[in-house]
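Take a look at the structure below.
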Protein chains: 2
Amino acid sequence: MTDGSGDDPGGNTPSQRLGVREIARRIGVAPITVSRSLSNPGRVSAETRARVLEAIEQIGFVPNQLASSMRGNGRMIGTVVPPLINSGIAEQVQGMSDECHEGGYSMLLVQGEFTREAEEKAIRTLLGWRPAGMILQSFVQSETARALLQGSGAPVVEISEVKGRDPIDMVVGISNFETAYAMTMHLAAKGYRRIGFVSTPIHGNDRLQQRRTGYHAALTKLGIKNHDGMEVEVPITAQGGAEALVALTSRHKHIDAIFFSSDTLAVGAVQECHRRGWAVPGRIAIAGYGDMDLAAQLYPRLTTVRVNRYDMGRRAVRQLLARLGGDVEVPTVTSLGFEIIDRESA
Amino acid sequence: MTDGSGDDPGGNTPSQRLGVREIARRIGVAPITVSRSLSNPGRVSAETRARVLEAIEQIGFVPNQLASSMRGNGRMIGTVVPPLINSGIAEQVQGMSDECHEGGYSMLLVQGEFTREAEEKAIRTLLGWRPAGMILQSFVQSETARALLQGSGAPVVEISEVKGRDPIDMVVGISNFETAYAMTMHLAAKGYRRIGFVSTPIHGNDRLQQRRTGYHAALTKLGIKNHDGMEVEVPITAQGGAEALVALTSRHKHIDAIFFSSDTLAVGAVQECHRRGWAVPGRIAIAGYGDMDLAAQLYPRLTTVRVNRYDMGRRAVRQLLARLGGDVEVPTVTSLGFEIIDRESA
DNA sequence: CTGTTAGCGCATTCAG
DNA sequence: CTGAATGCGCTAACAG
């Protein structure tokens, strides 16, 4: 049964059950030569290599990455991400994926929520695959999980807030505090004084926590008080944004601007304004966060915080690959810039 | 160096370098007993099992899935997906991911474009990891890739058009032809006669091809002629949708409705209408495809084709897991329903 | 430039 | 209920 053709009545179906050994046998070389032809072409004569490649092509052989990985040559990057829908995480995943593939790595995607328990479970799952490197969203809360990650020996990038806690290994991100502070100041500079804040569920998400803190800090700096109850948490949907708008404007008749922690929410709120015949920003100003594709095309064009999440994903992987490539000089903290995009909605 | 504590000055850092063997050694049992405690609890006495689990907890041991997979116990589902941004694929990936995790599987995500070359490369990458099952978007074009997939022995689901070509193994999807046909008919029933069609790049994407064909078939059925040049292809962005609107309305002054192959495009077009002061659907009716989250909240609410992509993802994985669980009765073709959601924009 | 030996960590098979 | 031997496919290390 070692010839691999055991249960294949057809006879010449390419089968992944065949390995380097079979290739080697067919052309009369040692298995290691086949291996080298692929991963270390310099150490094999051009002629031998050609024969090997031909046999590989003919037999439809695809090297087994699992076996490679067990020998320490793993080329898999693992990541834990929150739900992809509506969140801007999709762009980040895209960035990671692109950079991974350009570097010859594959990406394992594990779903994780922002609860300690789910986080730990996700990280365990990830570690089970012995990835060469890992990327996590937000800081890891669970001490157990942090210890596990550290003990793995693999490089880790946390894509998160660049300020505050000690990273497990490396961080890539922005100062969420600063972005929110800057946007709040921006709104104030445009004359708005009663500024509400709407976010998606904050619990366990230090990025959102930082944004809220930045918003508070700006209000304090501006000497604006009485903003109690001008904050709402809603699910990350367009409808959530609309509901937040309704809630805030009915509770606070003279609120004049709302800062949403996500463009998705802001877009939903703008639709609700249209529906009510409210001018944006005449009746109320709306600002978002993320600069999603639609933001620039929205009517009115959305004032928002631009954070290049695609690039964030790419950078995270790049850090990992640099480290895996033996570069010791890789910076521990990579802070990406952001931009306040002033458009029509505020 | 077999005690695994070699280069760890701290001493008790949990290390993934430790395996079942070490756990076994510590509590004086055979490695296999550790293995069984995890995967086959019934075959181990409760007391032994408790000791094993305690040691595992203490040492921070996470079983190596690579090694398991090499023994044929792989718990990884691989998938090839087009870019996640703006495409509705994110929802599908979410569905796959959720179902995978509930079933105890992990998901490997490989990026693939709709060109034959990229497709083949992506599939090779995927196969290298010897996934227990695979999910592909769209039908596989390349014969080489199809042969490779078939030869792998693993179950394959193509999420695609349910009509037409022979699947490699199983298909989950909808009849894109029917959805587009139905929407075009729906628009006609509402009185529109000069109906344009806008899609994202069609080449190599049989889903889009089928939608266009469905649109054509409906027009023919309706006896509507002279729709030459009433089709445009644009990138899948809100701006693309706006540009398509401008292009079509300037070329065809009396066009009265546009059917977009994606909500993202439709939403962009609606914004452009607002900007121009055009009533929707008064000046022009707009219909989308996908029923994305924003569609129901949009102003005006978007008439669209509802396709539950999240569910499609879940179903695809469910098929795979059923087959992996030994169920031979798994249907080859799973056709999900769709719904024409009649709202305000058309 | 090419080959031999050995082992990564787990789980199947067969024996106690 | 528990264990010993063995091999999945690949590649590092060390010959030749």
Side-chain angles (χ1 to χ4, degrees), chain A residues 1-4 6 15-52 56 59 61-76 127-132 152-154, chain B residues 1-4 6 15-52 56 59 61-76 127-132 152-154:
Chain A
M1 278 288 247
T2 44
D3 68 0
S15 170
Q16 271 66 54
R17 269 153 279 164
L18 277 39
V20 282
R21 195 150 50 206
E22 175 62 13
I23 305 282
R25 197 189 58 73
R26 295 211 181 183
I27 59 176
V29 296
I32 187 69
T33 303
V34 175
S35 173
R36 286 204 270 250
S37 301
L38 259 17
S39 56
N40 227 333
R43 300 178 90 72
V44 176
S45 76
E47 192 222 349
T48 306
R49 178 154 189 265
R51 284 198 303 144
V52 169
I56 284 177
I59 207 177
F61 164 70
V62 178
N64 186 330
Q65 301 292 341
L66 300 169
S68 282
S69 297
M70 283 195 58
R71 299 290 332 190
N73 292 40
R75 295 193 148 269
M76 177 162 78
L127 286 168
W129 294 100
R130 303 295 188 269
S152 80
Chain B
M1 281 285 250
T2 43
D3 68 359
S15 170
Q16 270 65 52
R17 269 153 279 164
L18 277 40
V20 280
R21 194 150 49 208
E22 175 62 13
I23 305 282
R25 197 187 59 72
R26 295 211 180 182
I27 59 176
V29 296
I32 186 66
T33 302
V34 176
S35 173
R36 284 204 271 250
S37 300
L38 259 17
S39 57
N40 227 333
R43 300 177 93 70
V44 177
S45 75
E47 192 221 349
T48 307
R49 179 154 188 264
R51 284 199 301 144
V52 168
I56 284 177
I59 206 175
F61 165 68
V62 178
N64 187 330
Q65 301 291 342
L66 299 170
S68 283
S69 297
M70 284 195 57
R71 300 283 326 170
N73 291 41
R75 295 194 150 268
M76 178 164 77
L127 285 168
W129 294 99
R130 302 295 188 270
S152 78

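Per chain, numbering begins at 1; letters A, B, ... match sequence-line order. Not measured: the values here are computed from a predicted model.
Once rounded to the nearest 0.5 Å, the distance linking CZ of Arg130(B) with CE of Met70(B) reads 9.5 Å. Atoms CD1 and CZ, on Ile23(B) and Arg51(B) in that order, are 12.5 Å from each other to the nearest 0.5 Å. One distance of note links CZ of Arg49(A) with CG of Asn40(A); it measures 10.5 Å at 0.5 Å rounding.
An angle of 30°, rounded to 10°, separates the two end axes of the helix from dC1(C)-dG16(D) to dG16(C)-dC1(D), each defined over five pairs.
As rounded to whole Å, 13 Å separates atom C1' of dT11(D) from atom CD of Gln65(A). If you take CE of Met70(A) and P of dG7(D), they are 16 Å apart, rounded to a whole angstrom. Atom P of nucleotide dC1(C) and atom CD1 of Ile27(A) are separated by 16 Å, given to the nearest angstrom. Computed from coordinates, the Arg75(A) CZ to dT11(D) P distance equals 11 Å when rounded to whole Å. Across the protein-nucleic acid pair, Ile23(A) atom CD1 and dT11(D) atom P stand 13 Å apart, rounded to whole Å. Residue Trp129(B) contributes atom CH2, which lies 13 Å from atom C1' of dG9(D) at whole-angstrom precision. The interatomic distance linking Leu38(A) (CG) with dA12(D) (C1') rounds to 17 Å, in whole Å. Rounded to whole Å, atom C1' of dT11(D) lies 13 Å from atom CZ of Arg21(A).
Taking only side-chain nitrogens and oxygens, Ser68(A) comes nearer than 4.0 Å to OP1 or OP2 of dT11(D). Contact annotation: Asn73(B) side-chain N/O to dC8(D) OP1/OP2 distance is not under 4.0 Å. For Arg49(A) and dC1(C), the shortest distance from a side-chain N or O to OP1 or OP2 is not below 4.0 Å. For dC10(D), the OP1/OP2 oxygens have no side-chain nitrogen or oxygen of Ser35(A) closer than 4.0 Å.
The two residues Gly74(B) and Ser69(B) come nearest to each other via the heavy atoms CA-OG, 3.4 Å.
Partners of Ser39(A) by side-chain hydrogen bond (donor to acceptor under 3.5 Å, both in side chains), not counting sequence neighbours: none found. Listed by chain and residue number, Ile27(A), Val34(A), Ser37(A), Thr48(A), Ile56(A) satisfy the side-chain contact (heavy atoms from CB on, under 4.5 Å) test with Val52(A) (two or more places apart in sequence, or in another chain). Residues satisfying the side-chain contact (heavy atoms from CB on, under 4.5 Å) criterion with Met76(A), sequence neighbours excluded, are Leu108(A), Trp129(A), Leu108(B), Trp129(B). Listed by chain and number, the residues in a side-chain hydrogen bond (donor to acceptor under 3.5 Å, both in side chains) with Ser35(A) amount to none (sequence neighbours excluded). Contacts of Arg71(A) classified as side-chain contact (heavy atoms from CB on, under 4.5 Å), with partners at least two apart in sequence or in another chain: Asn73(A). Checked against side-chain contact (heavy atoms from CB on, under 4.5 Å), Ala50(A) has no partners two or more places apart in sequence or in another chain.
Within residues 39-47 of chain A, the residues that have a heavy atom under 4.0 Å from DNA chain C are, in order of number, Gly42(A), Arg43(A), Val44(A), Ser45(A).
Formation of a donor-acceptor pair under 3.5 Å by the Asn64(B) side chain with backbone atoms of Ala67(B) is found in this model.
The residue Thr48(A) sits close only to the backbone: its heavy atoms come under 4.0 Å of sugar-phosphate atoms, none of a base.
Contact of the Arg25(B) side chain with the Arg21(B) side chain is not registered, since no non-hydrogen atoms from C-beta on lie closer than 4.5 Å.
Closest to the side chain of Asn64(B), from the set dC10(D), dA12(D), dC10(C), is dC10(C).
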Under 3.5 Å, which protein N or O atoms sit close to an N or O of nucleotides 3-6 of chain C? Give each pair with its distance.
unit_1: dG3(C); atom_1: OP2; unit_2: Ala30(A); atom_2: N; d: 3.0
unit_1: dG3(C); atom_1: OP2; unit_2: Thr33(A); atom_2: OG1; d: 2.8
unit_1: dG3(C); atom_1: N7; unit_2: Arg36(A); atom_2: NH2; d: 2.8
unit_1: dG3(C); atom_1: O6; unit_2: Arg36(A); atom_2: NH1; d: 3.4
unit_1: dG3(C); atom_1: O6; unit_2: Arg36(A); atom_2: NH2; d: 3.3

